[in-house]
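Okay, so here's the structure we're looking at.
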Amino acid sequence: MIDARLLLDDFDATARRLARKGVAPDLLGEARDLAEQRRVQVQQVDAARQARNEVSKRIGALRRDQRKDEADRAQAEAAELGRNLEQIEAGLRETEAALDDTVMRIPNLPADDVPDGRSDADNVVLRTYGYDPSAFEGRDWQPHWDIGERLGILDPERAAKLSGAMFAVLKGDGARLLRGLTSLALDIHRDRYEEIIPPHVVRSEVITKTGHLTKFDTQAYRLRDDELWLIPTGEVALMGMHQGEILAEAELPVRYMAYTTCWRREAGAAGKETRGLQRLHEFHKVELVELCRPEDSEAEFHSLVADAARPLEMLGLPYRVVELCSGDLTFSASRVYDLEVYSPGVDRWLEVSSISLVTDFQSRRGQIRFRREGGPVEFVHALNGSGLATPRVWAAVVEHGLQPDGSVRLPEALVPYAGISVIGGDEEGRR
RNA sequence: GGAGGGAUGGCAGAGCGGCCGAAUGCGAAGCUCUUGAAAAGCUUUGGGAUGCAAGUCCCCGGGGGUUCGAAUCCCUCUCCCUCCGCCA
């Protein structure tokens, strides 16, 4: 959540910045009014408490001195003050609940140099790597689901039988390919990120405070008999680890990676763009997250983008870096770059990683702070992005590796991890 | 799953319902002394709300209650420890 102070201290500028993200001024005005009301009520409550505390203290002294009559009189007075206090406290509680509710609906402020725009049509392609359109002409490219079924590495019918639409069964070399991809990614990122294997279910508290569970978001699966949720991304577990903590400045930056299964309900999604592995309820991903000092976050963001791109380059996959415009930014992000891999089989660019600079939006909610060397306590900045999301990268490897004889050649860098160089060819490609 | 015990500041560890945001020790920071260091002495050392400030208010695992007043009493949840059961 944003700092409600911004609304009190600098309403116009804040409203202008949020307008770029499509936030209605009404919402902000409502929040500001509530914050103002809260400020007034806090002062009233404090004054009322002070009055009561003073009398209570006097009662203690009088009782010690055996001045019973005076004590009794004071006690009656205190009881009256107490009743009064309760009333204004109730008012304050109401205001705070309403304020909280309202502020929670306000998204993070976009970075000032994020391009203006309303939808993904206004996103900006910053650079493209390894993509030559002519290289894809005049050949019979196939979508990965056709290749996968033909080679027996993908089994959509069994997946549907087990779990329904948007689930996957990978078989044989297909399973091995996924395992190889995750190992490759974990090894690539090992130099900068500490590998974590977290729990895959987390408390309501954790998923709420990472901003992945609000009343407007029904992405996550809940366990029936426990107040626990399946993580929609490893980020939830990794960011949750430091909730409520005050880190030492010297501990920063904290960089973690985790290979986890992710579950998303994806309510409403179905149809053409969900075929094959394009969109799944359950998938595997290597996630990268970072906590750092505010002054470092912009530079760290660009490092994170470069980190997320490294596996794609090693796999020789053409990709492009897209900066999301202000209107397309996710709720909690101040800046987002998407990495999109070109899929020749469906002739589309598929998002394989979304790198977000979240600033202090999550850490304020989750109370993740750090203490400056000999100085004050501040909120850390948070960043996250996929280090490698397996389904779409799996699909891209299969589509790009398709050879005229129908087999799939794996990228060189992947061969040691997958233990094979060709899927579906003659036995020579196998080791 | 069953039975018992616990949760207090960076750590350890006191705390009669009022004088306790909290003794004491350790750790850490600053200062004095010293050529320097050690030792010793002095001082400082949690978070948050509100306020220009002085101040006031809140927080002793979380939430609720009793009371004029709760770290202290009651209820509840979570976590940790010991024992029993189960189990990869």
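Below, chains carry the letters A, B, ... as their sequence lines are ordered, and counting in each starts from 1.
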Using atom P in both nucleotides, what's the gap between B/rG17 and B/rC84 to the nearest angstrom? 37 Å
Across every strand shown, the nucleotide meeting Watson-Crick or G-U wobble geometry with B/rG69 (both distances under 3.5 Å) is none
Contacts satisfying salt bridge (Lys or Arg N to Asp or Glu O under 4.0 Å) that involve residues 22-33 of chain A (not counting sequence neighbours) are none
Show me the protein contacts with nucleotides 62-64 of chain B, counting only N or O atoms at under 3.5 Å.
none

Could I get the full list of ring-ring contact (aromatic ring centres under 6.0 Å, His included) partners for A/H400, not counting sequence neighbours? A/F136
Would you mind classifying the nucleic acid contact of A/R73 as base, sugar-phosphate or nothing, using non-hydrogen atoms under 4.0 angstrom? nothing
Quick check, are the ring centers of A/F331 and A/F361 under 6.0 angstrom apart? yes
Once you apply a heavy-atom cut-off of 4.0 Å, does A/R369 come out as touching a base, just sugar-phosphate, or nothing? sugar-phosphate
Salt bridge present between A/E249 and A/R293 (N-O < 4.0 angstrom): yes
Sort out the partner of B/rC83 for me: Watson-Crick or G-U wobble, both distances under 3.5 Å, none otherwise. B/rG2
Between B/rG65 (C1') and A/E86 (CD): distance, integer Å: 11 Å
Carboxylate-amine/guanidinium proximity below 4.0 Å for A/R38 and A/E96: yes
Would you kindly give the CD-to-C1' distance between A/Q243 and B/rG47, to the nearest whole Å? 17 Å
Which whole-number value in Å describes the distance from A/R371 CZ to B/rA28 P? 16 Å
Charged N-O contact under 4.0 Å between A/R310 and A/E313: no
Got a salt bridge between A/E282 and A/R264, using NZ or NE/NH1/NH2 to carboxylate O under 4.0 Å? no
Take the protein atom CD of A/E378 and the nucleotide atom P of B/rG48, then report the distance between them rounded to whole Å. 11 Å
Once you round it to whole Å, what is the distance between P of B/rU67 and CG of A/L85? 15 Å
What integer distance in Å separates A/R49:CZ from B/rU56:C1'? 11 Å
How far does the P atom of B/rG10 sit from the matching atom of B/rG5, given to the nearest Å? 29 Å
Applying ring-ring contact (aromatic ring centres under 6.0 Å, His included), name anything that partners A/F11, two or more places apart in sequence or on another chain. none
Charged N-O contact under 4.0 Å between A/R118 and A/D122: no
Run the side chain to side chain contact (heavy atoms under 4.5 Å, CB included) test against A/D116 and tell me which residues pass, sequence neighbours left out. A/R20, A/S326
Nearest-angstrom distance from the residue atom CD of A/E373 to P of B/rG30: 11 Å
So, A/N108 versus A/S334: side-chain donor-acceptor pair below 3.5 Å or not? no
Contacts under 3.5 Å, N or O only, protein and nucleotides 68-72 of chain B:
residue : atom : partner : partner atom : Å
B/rC68  : O2'  : A/S56   : OG           : 2.9
B/rG69  : O4'  : A/S56   : OG           : 3.3

Under 3.5 Å, sequence neighbours excluded: what are the donor-acceptor pairs made by side chains of residues 78-89 of chain A?
residue : atom : partner : partner atom : Å
A/E80   : OE1  : A/R83   : NH2          : 3.0
A/E89   : OE2  : A/R49   : NH1          : 2.6

Between B/rG47 atom P and A/I368 atom CD1, what is the distance in whole Å? 18 Å
Scan for salt bridge (Lys or Arg N to Asp or Glu O under 4.0 Å) pairs involving residues 376-397 of chain A, sequence neighbours excluded, and state none if there are none. A/R372-A/E378
Determine the interatomic distance between C1' on B/rU72 and the same-named atom on B/rG61; round to the nearest Å. 16 Å
Measuring only the P atom in each nucleotide, how far is B/rU76 from B/rG4? A whole number of Å is fine. 13 Å
Annotated protein contacts, base or backbone, on nucleotides 49-55 of chain B with a non-hydrogen cut-off under 4.0 Å, one of B, S, - each: BSS----
Pair partner, B/rG21 [Watson-Crick or wobble, under 3.5 Å]: none
Output side-chain donor-acceptor pairs under 3.5 Å for residues 230-245 of chain A, partner residues at least two apart or in another chain, one line each.
residue : atom : partner : partner atom : Å
A/T233  : OG1  : A/E235  : N            : 3.0
A/T233  : OG1  : A/K285  : NZ           : 2.9
A/E235  : OE1  : A/H212  : NE2          : 3.4
A/E235  : OE2  : A/H212  : NE2          : 3.2
A/E235  : OE2  : A/Q362  : NE2          : 2.8
A/H242  : ND1  : A/E245  : OE1          : 2.7
A/H242  : NE2  : A/Y256  : OH           : 2.7
A/Q243  : NE2  : A/V206  : O            : 3.3

In whole Å, measure the gap between the P atoms of B/rG63 and B/rA70 for me. 15 Å
Identified pairing partner of B/rG41, criterion: Watson-Crick or G-U wobble below 3.5 Å: B/rC31
For nucleotides 73-78 of chain B, list the nitrogen or oxygen atoms of the protein found under 3.5 Å from its nitrogen or oxygen atoms, one pair per line.
residue : atom : partner : partner atom : Å
B/rU78  : O3'  : A/R203  : NH2          : 3.2

Using a cut-off of 4.0 Å on non-hydrogen atoms, how would the nucleic acid contact of A/V377 be classed: base, sugar-phosphate, or nothing? sugar-phosphate
Write down the distance separating the P atoms in B/rU67 and B/rA54, rounded off to the nearest Å. 37 Å
Who pairs with A/D72 by salt bridge (charged side-chain N to carboxylate O under 4.0 Å, His left out), at least two apart in sequence or on another chain? A/R63, A/K68
Using the P atom in both, what is the distance from B/rC52 to B/rC59, to the nearest Å? 24 Å
With rounding to the closest Å, how many angstrom separate the P atoms on B/rA39 and B/rG30? 15 Å
Positive for side chain to side chain donor-acceptor pair (under 3.5 Å) with A/D338, one of A/S386, A/S356, A/S354: A/S354
